Amino acid sequence: YEYLLNRFKDSKNVLVLGGTRFMGIRLVEKLIEKNHFVTIATRGIHPDPFGKHVTRVKIDRLKEDTMRTAFEGKYYDIVFDTTAYCSNAVKYALTHIKCGRYIQVSSVAIYGTKEVLKREEQFDPNTAKFELCDSMENYGIGKRYAECTACQLFPNISKAIVRVPFVVEEENLDNKELNLRLFFYARHIVKDIPMMLDNLDLTCSFIRTTEEADFLIQLACSNYSGVVNLSSQGTVTIGEIVNYLENKSGHKVIFDQNGDVHPFNKQHFKVGVAFDLMKAKSIGYNPPLLKDWLWPLLDSYIKMLEGK
């Protein structure tokens, strides 16, 4: 009995909106490891690997009645919102979920600036104009509205918003949305597949799902309020990625204007991304160096493609 008291004395009642895809899975895993009492709230579409370790609530974030019914009379110490894609989703959540602290996961997509270096103050969700709506065709505008809703309609809730760049999940190529961007370059170079390659000078920031999950938990337990950028420390260009893969594999890029279009092409990415991390560091977080894990990840792709 005393063992159980000591084990759970610092446990929190935690709600994760999402938690069955991408970084959300890693977040829930880490919360369980830390002995928190975890509830995941989803549409019930994707299965999860958590077994008896979580409580499950089925919701539709855009149907206010389901949010009211699901959370009536409940209280959570911390809410992690990993599915804040539009303003009404946030409005219904914070209207009907009573919590001590709210952490919203946002995106680099909210930055409309032409500067490569992204600083939090370049978009202020406390003053920006927004609309209440159920969805947005433009992902970045939807994320902007989600931030604005939390900050302007619910100013008295303790909250923080985390903006992340391109997310990678190591050693999990099944997660195509996260991982095939980098794997694309390795596969096309090692297998001598022609590609349409431009934008070699494009600067990119990345973060791993495990890093993101670690930081979210640390942030939730801090007193920090406001917006904070998060990424691995450092940047890399598409040209550096290509050169590394060529040198390590012994293969050369086959340039072809009619070849497969690479993920970070000029049509989709006109401005590079480098995150100012001063605020994240001020919380006491020490971001891992990008190149400490990026090059080993590319090495693993080369070995996989060579059948080693």
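Keep in mind the model is a prediction, meaning the values are calculated, not measured. Heavy-atom basis, side chains included; hydrogens, waters and symmetry copies ignored.
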Rounding to 0.5 Å, atoms CD1 (I254) and CD1 (I189) come to a distance of 10.0 Å
D201 atom CG, over 12 foreign heavy atoms within 6.0 Å:
no
- Message: Does atom CG (N223) have a neighbourhood of more than 12 heavy atoms from anything else shown, all under 6.0 Å?
- Response: no
One should read off an interatomic distance between K12 NZ and I217 CD1, to the nearest 0.5 angstrom, of 13.0 Å
Report task. Kindly work out whether a path of hydrophobic side-chain contacts (I/L/V/M/F/W/Y, heavy atoms less than 4.5 Å apart) joins I97 to L132. Result -> yes
- Determine whether S205 and L290 make a side-chain contact, defined as any pair of heavy atoms from C-beta on separated by less than 4.5 Å. no
Under a 4.5 Å side-chain heavy-atom rule over Ile, Leu, Val, Met, Phe, Trp and Tyr, are V228 and L27 clustered together? yes
Is it true that the side chains of D81 and Y102 contain a donor and an acceptor less than 3.5 Å apart?
yes
Exercise for review: Determine the interplanar angle of the F264 and Y185 rings, folded into 0 to 90°, and report it as parallel if under 30°, tilted if 30 to 60°, perpendicular if over 60°.
Suggested key: parallel
Exercise. According to a 4.5 Å side-chain heavy-atom criterion applied to Ile, Leu, Val, Met, Phe, Trp and Tyr, with indirect links allowed, do W293 and L180 form part of one hydrophobic cluster?
Worked result: yes
Regarding D134 and N88, do their side chains bring together a donor and an acceptor under 3.5 Å, going by distance alone?
yes
Do you see a donor-acceptor pair shorter than 3.5 Å between the side chains of H268 and N265? yes
Interatomic distance, OG1@T83 vs CD@Q104, rounded to 0.5 Å, equals 9.5 Å
With heavy-atom distances below 4.5 Å as the criterion, would you say the side chains of I283 and F215 are in contact?
yes
Item checked: H96/Y92 aromatic ring centres below 6.0 Å -> no
Taking every heavy atom of P263 against every heavy atom of R181, the minimum-distance pair comes out as CG-O, 3.7 Å
Rounded to the nearest 0.5 Å, the CE atom of M67 sits from the NZ atom of K91 at a distance of 13.0 Å
Within 6.0 angstrom of E72 CD, more than 12 heavy atoms from elsewhere = no
- Message: Checking T210 against R26: is there a side-chain donor and acceptor pair closer than 3.5 Å?
- Response: no
dist E211:CD -> Q233:CD (nearest 0.5 Å) comes out at 10.5 Å
- Between Y111 and F275, how do the two ring planes meet: parallel, tilted or perpendicular, split at 30° and 60°? perpendicular
Original post:
Under 4.5 Å between any side-chain heavy atoms of V38 and F50, yes or no?
Top reply: no
Residues passing the salt bridge (Lys or Arg N to Asp or Glu O under 4.0 Å) test with D256, sequence neighbours excluded, are none
Should we say atom CE of M196 is surrounded by more than 12 heavy atoms from elsewhere, each under 6.0 Å from it?
yes
Taken to the nearest 0.5 Å, the spacing of Y224 OH from I103 CD1 works out to 10.5 Å
Around R68, counting heavy atoms of other residues, nucleotides and ligands shown, do more than 12 lie under 6.0 Å from its CZ? yes
Heavy atoms of R101 and L219 approach each other most closely as NH2-O, 3.1 Å
Q | K74 atom NZ, neighbour heavy-atom count above 12 within 6.0 Å | A | yes
Item to complete: Classify the angle between the aromatic ring planes of F166 and F206 as parallel (below 30°), tilted (30 to 60°) or perpendicular (above 60°).
Response: tilted
State, with a plain yes or no, whether a side-chain heavy atom of V116 is found less than 4.5 Å away from one of T235.
no
Here the pair of heavy atoms bringing T82 nearest to G19 is OG1-N, 3.8 Å
In short, I59 meets A41 closest at the heavy-atom pair CD1-CB, 3.7 Å
Margin query: Quick one, I161 and C151 - any side-chain contact, counting heavy atoms below 4.5 Å?
Written below: yes
In terms of heavy-atom contacts, F130 and T149 come closest through CE1-OG1, 3.5 Å
On a heavy-atom basis, the closest approach of V28 and I40 is CG2-CG2, 3.8 Å
